[in-house]
Structure formats: structure tokens, C-alpha cells
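Worksheet: one structure, shown below.
Just so it is clear: chains get the letters A, B, ... in the order the sequence lines come, proteins before strands, and each one is counted from 1.
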2 protein chains.
Amino acid sequence: MNIDMIRAADSRLEGKVRRTPLLSSPFLDEIAGRRVWIKPECLQHTGSFKFRGGWSAVSAMEPELRAKGVLAMSSGNHGQGVALAAARHGAPAVVLMPSDAPRQKIANTRALGAEVVLYDRATEDRDAIAARLTEERSLTLIRPFDEPEVIAGQGTCGLEIARQATELGIDKADMIVCCGGGGFASGVALALEADAPGLRVRPAEPEDFDDMARSLAAGEIRRNAKTAGSLCDAILTPQPGALTFPVLSRLAGPGLAVSEDEALRAMALAFSRLKLVAEPGGAVALAAALFHGDEIEGEDVIVTISGGNVDPGVFSAALERFGD
Amino acid sequence: MNIDMIRAADSRLEGKVRRTPLLSSPFLDEIAGRRVWIKPECLQHTGSFKFRGGWSAVSAMEPELRAKGVLAMSSGNHGQGVALAAARHGAPAVVLMPSDAPRQKIANTRALGAEVVLYDRATEDRDAIAARLTEERSLTLIRPFDEPEVIAGQGTCGLEIARQATELGIDKADMIVCCGGGGFASGVALALEADAPGLRVRPAEPEDFDDMARSLAAGEIRRNAKTAGSLCDAILTPQPGALTFPVLSRLAGPGLAVSEDEALRAMALAFSRLKLVAEPGGAVALAAALFHGDEIEGEDVIVTISGGNVDPGVFSAALERFGD
């Protein structure tokens with residue numbers, strides 16, 4: 001993993017990815033007590049940053065291999081990103097999803113042309129199913145985060161942030177990134193190391209699923225006790241990745257953990273102040289910036305809204321509880 | 001009103017306005033049966049395109065006059081645009097609002113530093129109150145649409161659309177603009193006449209408030225029978241403007257009228273497919289593109305989402321009825 005791979009991915013993504021803006025609101029600045037800049041990857045194709053990694057990985061494949069097809073395991077966002085990238089390359093895609101993934105994510109993945117295979121998180125072995133599918137059908141597995149070309153693709157978001165921060169005259173800031181396995185955070189960290197070294201990545205996670213924060217603090221990989229039971233479905237991973245952890249161990253500051261209520265409150269504020277739809281897992285970085293200011297340094301903080309693929313009922317519940 | 005005023009406004013807005021992207025979704029294209037491009041002015045500062053006109057008008061004033069203060073009459077979005085523009089120029093702002101305007105718009109206008117004066121739509125004479133305020137306090141009235149510098153500011157959105165359409169290779173399309181008094185539509189129409197003459201403005205309005213459509217069809221100004229009673233509060237005006245109607249009469253195609261349910265359905269689709277928060281009045285152009293395809297010509301249609309300042313309860317109701 002290095003910056004050259006990210007720059008190469010960025011060239012392949014040119015004209016294919018949406019270059020998202022960097023937004024702000026005086027109302028959010030006031031809550032945070034500092035300037036808050038928002039990178040809205042919910043506006044990315046397929047509604048999350050995952051399209052970047054999906055396109056990077058699919059576009060980097062040898063054409064004859066790509067023509068046989070790709071396989072993604074995903075609670076939803078990675079699957080959609082890979083599905084659309086594969087479809088636009090004319091390649092078949094199979095997405096292995098837990099049967100309790102949000103309905104909208106399952107429906108969208110199918111609508112983007114992928115074959116969806118569902119499994120039961122509690123009783124079935126996802127990796128065994130994946131191994132069988134790749135072998136029987138000669139598919140190439142694209143891992144959601146521990147995959148160099150995927151990390152390179154997510155890193156392109158970091159290149160954009162570095163450019164945007166420079167234009168705004170921001171040379172020092174905490175860069176809070178929504179974190180599951182760490183693909184997004186590590187890609188962004190590598191990009192910022194090269195292009196904006198004063199911006200330091202801080203992974204944000206839900207409480208009880210803060211494996212990355214605890215692993216960074218311990219200096220070695222720690223697992224979560226639970227693997228389900230949070231609305232932040234997009235970023236529930238058992239433990240940091242073997243590729244992503246060393247990158248973040250070297251480059252990231254301490255992790256931040258937010259409560260589910262804080263994530264829902266951040267969603268309600270993204271609605272009212274930014275006119276953006278954030279999903280719970282996509283709102284944890286904004287929640288950290290707004291409600292954990294005592295753990296943040298400096299006058300500026302930049303956050304990702306990593307995705308917006310949320311069921312209407314969950315969104316309405318967040319507005320009902322925190323919308324005023 | 002001419003293109004030079006719009007270009008001058010664009011120079012004054014540089015670095016102050018958000019240059020909004022042009023978005024799309026394969027899911028929306030499928031519903032519409034053509035390519036749909038969305039200009040999301042809900043992402044503009046203060047949550048609507050009105051900041052453009054507000055900044056244009058305030059920045060064009062003589063400094064000594066500006067220092068005495070400005071007055072806006074507004075159901076909400078124009079008031080917020082003027083309030084923020086005035087605040088950033090260090091000028092006082094008074095906003096005269098109907099007492100039944102959405103709570104969030106009243107609260108936001110105050111939070112942006114303006115003094116809000118409420119009046120009763122049914123029993124009080126807004127214009128008389130405004131006349132008294134401007135005289136007693138030496139305020140300059142900034143009209144919401146029949147004001148040359150306001151129209152020029154809204155026209156800057158048209159300059160951006162012309163550039164973006166050119167980059168996408170679109171040289172012919174219907175450009176559907178959410179329309180109240182016609183300030184936005186006429187500004188955009190003048191910009192497109194100069195920079196993208198193959199793009200034709202089509203005003204979109206709510207049913208029962210389609211004064212512009214009926215006026216364009218009749219060739220003379222027609223009033224609405226009703227002045228209240230729609231969720232599309234942002235675009236309920238009694239009749240087309242004296243400045244805006246001649247511009248649209250010369251440049252616009254036939255108007256489109258959508259039902260309130262169609263507007264709410266478009267809001268739900270903007271939520272799920274674009275991750276954007278649209279207010280009812282801000283969704284009428286998208287609704288027209290999606291549900292009135294038989295009244296539209298050509299392969300490409302461009303629409304504005306003109307604002308996103310909606311109460312959470314109204315938004316949740318739209319999701320509950322049309323979110324699946």
C-alpha cells in the first residue's frame with residue numbers, strides 16, 4: 001500500500017467518481033465550538049464512498065479475469081459499490097449479504113445488476129460460502145477493506161480532501177473518518193500523509209464496536225465482543241484488517257467512540273443543517289465532532305459522512321427523537 | 001434585466017456562494033424514461049437558491065445605505081438568504097414573515113442574526129407593515145423576486161448549469177425550475193439564453209397555484225384563486241412578477257403543475273436515490289420530470305431542487321407515505 005497506488009486509482013476514477021464538495025454550516029460550528037467541514041460521500045454514486053474502492057478494484061483487474069465475474073461480501077454499501085462498478089465494466093457480480101441487511105441495500109444491490117446471495121449471520125459460515133462460490137464460478141473475491149486496490153480507491157477521497165483543505169487554507173486539523181474495518185480510514189490516512197501531512201486521521205466508531213480504537217490504544221489487534229446489534233450496520237466489523245491496522249497504527253490519532261443516540265442526533269442535524277441524508281454508521285464521524293469536542297484538538301475538524309443508505313423508518317425515528 | 005447583470009452578480013458571488021454539482025441516479029432515469037440531471041440548491045448556503053439573490057442584492061447596495069439595514073418579506077427562504085448575506089456584510093436585517101411559516105424557517109432566520117417581525121396572512125396587510133418599517137427605520141426593501149439584482153443573483157445558478165451541461169455534452173434539454181413569483185426561473189432563463197440556448201426553461205408549480213403556467217398560456221398575468229393551503233409554502237405567490245413575467249413570456253416553454261402527492265413522492269425519491277433533503281416546494285420540478293414525462297421533450301431533462309428547509313414532521317410524513 002502506497003501513495004502511488006492511490007494516485008493510479010485516482011486516474012482510473014477520473015470522470016467515473018463524483019468529486020464531492022466540502023460543506024459547512026454556521027449552526028454546526030456553533031455546536032462543535034470549532035469549524036466543522038463535512039465531506040459528504042453520501043452523495044457519491046451508490047450512496048457511499050464504497051463506489052471508489054469498488055471501481056478501483058474492478059478497473060484494476062485483468063480483462064479476462066474480470067469477464068468471469070467478481071464476488072463481494074457486504075452488509076450493503078460495498079456490495080452496491082462493486083455491483084455498479086462491475087455493471088459499468090460489463091462484468092458479472094455476485095454479492096453475498098447477511099439476510100438482516102437493510103432491505104433498501106438488498107433491493108438496490110439487485111437493481112444495480114448484481115446477483116444477491118443471502119446468508120444467516122448466526123448460523124452460516126460466510127467465508128465458506130464465499131470460498132465455494134469463487135471456486136465453482138471462477139469469481140474473483142473483492143474484499144471490503146483488506147484489499148490493496150480497495151484501500152487505494154478509498155484513498156482518492158483523501159486526495160480530494162487534501163486539495164480542498166489547501167484551498168481553504170487549512171493546514172492542521174483532525175480528520176475524523178467513519179471506521180469499520182479501516183479501509184476508508186487507512187486510504188485517507190495514506191493520501192493525507194503525502195498531500196496534507198498536517199491533517200491527522202481519527203477513526204470514529206460506535207460504542208461497543210470500537211475495535212479499531214482499542215486496537216490502536218493497545219498497539220495490537222483487538223476484537224469486538226459483539227458482531228451485531230447496532231443501527232450502524234455499515235461499520236460493524238469483528239476486528240481491524242491485517243492491511244489496514246498497520247497503516248492506521250503508524251498514521252492515525254486515537255479513535256473516537258460515539259453512542260447510537262449521538263449518531264442519530266448527528267443524522268437529524270445533517271438533515272436540518274446540511275440537507276443531507278446520512279445513515280447511522282455514516283454519521284459517527286460527525287457525531288464525534290459535535291459531541292466529543294473535548295477529545296479533539298485545534299480550530300478545524302473535517303469529517304466524512306460516509307454513506308446515506310438508510311431505511312426510511314430508521315431515518316424518521318431519528319428525526320422524531322432528535323429533529324427539533 | 002440582462003445577462004451583464006447576471007455576470008456581474010456572478011463575480012460578486014465568487015467565493016461566497018456554493019457552486020452546487022449536477023447529480024443523477026440511474027433509478028431516477030428509469031422512472032422518468034429519460035436522463036434526469038438534478039441541480040441541488042438545497043445544498044446552497046441557508047438551504048436554498050435564495051442566498052444567491054440575497055447576496056447579489058446586498059452586495060450591490062451603496063455601503064452607506066446598506067449600513068442602515070435591509071428588509072425582506074418572506075415565507076422563509078428569501079428571508080434566510082437576505083439575513084445571512086446582510087450578516088456577512090455587517091448590515092442589519094429585518095425579515096417580515098407570515099406567522100404560519102414553518103417553525104424551522106422562523107428559527108433559522110433569527111439564528112442568522114435577523115430581526116423577525118411576524119404578521120397574520122389572513123388579517124394583516126403585509127405591504128402596509130413593510131412600508132411603515134422601511135420608512136420608520138430607513139431600511140431598504142429587497143423584494144423576493146421582482147427585484148433586478150435578486151433576479152441577477154438567481155441567474156448565476158443558470159450560468160453554472162450552462163457550464164455543467166456543456167461539460168456533459170448536453171446541448172438540448174428542458175430545464176424545469178421550481179417557480180413561485182418567477183425570480184429563479186427568469187434569472188436562469190436569461191443565463192441560458194446567453195450561454196446554453198438549447199436549454200429551455202419550464203416553470204414547475206403546485207396544482208391550484210399554477211399562476212405562472214396559466215399566465216404564460218394566456219399571454220397575460222393571471223392570479224391564483226388561493227394564497228395558502230399547500231405544503232409547498234416556498235412557492236405560493238399570488239401572481240407572476242411584473243419583471244419576471246415578460247422574461248418568461250419571451251423565453252420559457254409551457255409551465256408544469258404537479259399535485260402535492262407528486263411533490264411528496266419526489267421528496268421520498270430524493271431521499272432514497274440522491275441522499276438529499278428537499279422541501280415540498282423544492283421538489284416540484286423533480287416531480288414534474290418524474291411524473292409528467294408526457295409533457296416533456298427530448299432525452300435529457302434538468303431540474304432544480306430549489307430548497308431543503310422542511311419541518312421534520314412533514315419530511316417523515318412524506319417518507320411514511322412514499323418511502324418504499
Side-chain angles (χ1 to χ4, degrees), chain A residues 15 18-27 30 38 40-48 83-84 87-88 102-105 107-108 111-113 167-168 267-279 282 305 307-324, chain B residues 15 18-27 30 38 40-48 83-84 87-88 102-105 107-108 111-113 167-168 267-279 282 305 307-324:
Chain A
R18 205 166 265 159
R19 303 296 186 181
T20 52
L22 204 58
L23 305 176
S24 64
S25 157
F27 297 102
E30 193 178 331
I38 296 97
E41 283 291 303
C42 50
L43 298 179
Q44 191 52 261
H45 297 297
T46 71
S48 90
L84 183 61
R88 292 198 175 162
R103 283 179 303 129
Q104 198 202 38
K105 292 184 179 179
N108 287 353
L112 292 168
E167 283 172 17
L168 291 164
M267 286 169 63
L269 286 163
F271 163 86
S272 61
R273 298 313 180 189
L274 300 168
K275 314 307 172 193
L276 291 174
V277 176
E279 61 184 278
I305 291 182
N309 291 314
V310 54
D311 276 341
V314 173
F315 195 79
S316 291
L319 293 189
E320 192 173 334
R321 289 187 58 201
F322 301 113
D324 283 313
Chain B
R18 205 165 264 157
R19 303 297 186 179
T20 51
L22 204 58
L23 305 176
S24 65
S25 156
F27 296 102
E30 193 178 331
I38 297 99
E41 283 292 301
C42 49
L43 298 179
Q44 190 53 259
H45 297 296
T46 72
S48 89
L84 183 62
R88 293 200 173 160
R103 283 180 302 128
Q104 198 202 36
K105 291 184 180 178
N108 288 354
L112 291 169
E167 283 171 20
L168 289 165
M267 287 170 62
L269 286 163
F271 162 87
S272 61
R273 298 312 181 190
L274 300 167
K275 314 308 172 191
L276 292 174
V277 176
E279 61 185 274
I305 291 183
N309 292 314
V310 54
D311 276 341
V314 172
F315 196 79
S316 291
L319 294 189
E320 191 173 335
R321 289 188 58 203
F322 300 115
D324 282 311

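- With values rounded to the nearest 0.5 angstrom, A:Thr46 atom OG1 is found 11.5 Å from B:Arg273 atom CZ.
- Here the closest heavy-atom approach between residue B:Ala111 and residue A:Phe27 is recorded as CB-CE2, 3.2 Å.
- The structure places NZ of A:Lys275 at 8.0 Å from CD of B:Glu279, a figure rounded to the nearest 0.5 Å.
- In terms of heavy-atom pairs under 4.5 angstrom with chain A, the leader among B:Leu112, B:Thr20, B:Asn108, B:Leu274 is B:Asn108.
- Across all non-hydrogen atoms, the minimal contact from B:Ser316 to A:Leu319 is OG-CD1, 3.8 Å.
- B:Ser24 contributes atom OG, which lies 5.0 Å from atom CZ of A:Arg18 (distance to the nearest 0.5 angstrom).
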Original post:
Going through the distances and angles, do A:Leu43 and B:Leu43 end up as a side-chain contact (heavy atoms from CB on, under 4.5 Å)?
Top reply: CA-CA 11 Å; A:Leu43 298 179; B:Leu43 298 179; 3.8 Å; yes

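- Residue contact with chain B, scored on non-hydrogen atoms closer than 4.5 Å, is absent for A:Arg19.
- Note that CZ of B:Phe315 and OG of A:Ser272 are 11.5 Å apart. Values are rounded to the nearest 0.5 Å.
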